[in-house]
Amino acid sequence: MSALRLLREVEVVSGVTNLNVTDVFSADYDIYKIQTTGLSTTVSSSEAYDLRFINASGSIMDSSVYDYGFEIMKAETSFSVAQSTTGNDIDNFFALAKDGGFTGGQTRYVFDPFNPNTYTFVINQLAHIVSANMRSYKQIGVLHELISITGFSLKGESDGALDAGIIRVYGLHVEDS
């Protein structure tokens, strides 16, 4: 049996270009779910916010310690693929639709962030509609450093700022049967 427990809810304040969610990962859970609702930005086109982790000392991990890969499956054109083995963050982890777009379901999981004996992995899936075209998005990433992670940061890719939304972080408790 498993259960989700709400650990933190952060309401986005208008004008924030980088948002830190601190002291949310602990030894209590191995798996975390990050859910966003109504996340929007001030820029006029689609915007993405990258994921960076915050270590137990409170420092943002922003050097070449991330690997990621993602694919954007577009209904109106060819698919887009990107990957890196030396990223300063996990690119496009929080994608937002603009231009009349609608961001639909989003599911993000973080695995073993607090455990300093294993790498921290993430998976991300979302769907949204941009200019009447459906897009689906899948991503995997890893922080390839053995370190205890206690939080995460959203970093905007352009000059736009977040202007609304809610971020919820859940701990997933899995009981042995």
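This is a predicted model, so every value here is computed, not measured.
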Would [X] end up clustered with [Y] when hydrophobic side chains under 4.5 Å apart are linked, directly or stepwise?
X: Leu7; Y: Val12; answer: yes
X: Ile166; Y: Val16; answer: no
X: Ile60; Y: Leu19; answer: no
X: Met73; Y: Ile140; answer: no

Could you state the interatomic distance from [atom1] ([X]) to [atom2] ([Y]), rounded to the nearest 0.5 Å?
X: Leu143; Y: Ile149; atom1: CG; atom2: CD1; result: 5.0 Å
X: Ile90; Y: Lys155; atom1: CD1; atom2: NZ; result: 13.0 Å
X: Lys33; Y: Thr107; atom1: NZ; atom2: OG1; result: 5.5 Å
X: Asp50; Y: Leu154; atom1: CG; atom2: CG; result: 9.0 Å
X: Ile167; Y: Phe152; atom1: CD1; atom2: CZ; result: 5.5 Å
X: Ser136; Y: Leu126; atom1: OG; atom2: CG; result: 7.5 Å

Query raised in the report: Parallel, tilted or perpendicular: which fits the ring planes of Tyr32 and Tyr29, with parallel below 30° and perpendicular above 60°?
Result: perpendicular
For the side chain of [X] and the backbone of [Y], is there at least one donor-acceptor N/O pair under 3.5 Å apart?
X: Arg108; Y: Phe93; answer: yes
X: Asp112; Y: Asn115; answer: no
X: Tyr119; Y: Ile147; answer: no
X: Ser63; Y: Val65; answer: no

Query raised in the report: Where do Asn88 and Ser64 land on the side chain to side chain contact (heavy atoms under 4.5 Å, CB included) test, with the steps shown first?
Result: CA-CA 5 Å; Asn88 295 329; Ser64 302; 3.4 Å; yes
If every non-hydrogen atom of [X] is compared with every non-hydrogen atom of [Y], which pair is closest and at what distance?
X: Arg8; Y: Thr22; result: NH1-O, 2.6 Å
X: Tyr66; Y: Met61; result: OH-O, 2.7 Å
X: Thr86; Y: Ser84; result: N-OG, 3.1 Å
X: Leu51; Y: Asp89; result: O-CB, 3.3 Å
X: Ile54; Y: Val21; result: CD1-O, 4.2 Å

**Report entry** Glu9: side-chain hydrogen bond (donor to acceptor under 3.5 Å, both in side chains) partners, not counting sequence neighbours
**Finding:** Arg168
**Report entry** Residue of the set Val24, Thr150, Asp28 for which side-chain contact (heavy atoms from CB on, under 4.5 Å) holds with Phe114
**Finding:** Thr150
Requested in this report: Begin from the C-alpha positions of Val110 and Phe53 and carry the test side chain to side chain contact (heavy atoms under 4.5 Å, CB included) through to its verdict.
Outcome: CA-CA 11 Å; Val110 179; Phe53 285 113; 4.1 Å; yes
**Report entry** Check: Asn20/Ser153 side-chain N/O donor and acceptor closer than 3.5 Å
**Finding:** yes
Report task. State, without any angle test, whether Tyr137 and Glu71 hold a side-chain donor-acceptor pair at a distance under 3.5 Å. Result -> no
Query raised in the report: Run the side-chain hydrogen bond (donor to acceptor under 3.5 Å, both in side chains) check on Gln83 and Tyr68 step by step: do they pass?
Result: CA-CA 5 Å; Gln83 62 188 34; Tyr68 66 85; over 6 Å; no
How about [X] and [Y]: do any of their side-chain heavy atoms sit closer than 4.5 Å?
X: Leu146; Y: Pro116; value: no
X: Phe70; Y: Lys138; value: no
X: Ile123; Y: Phe111; value: yes

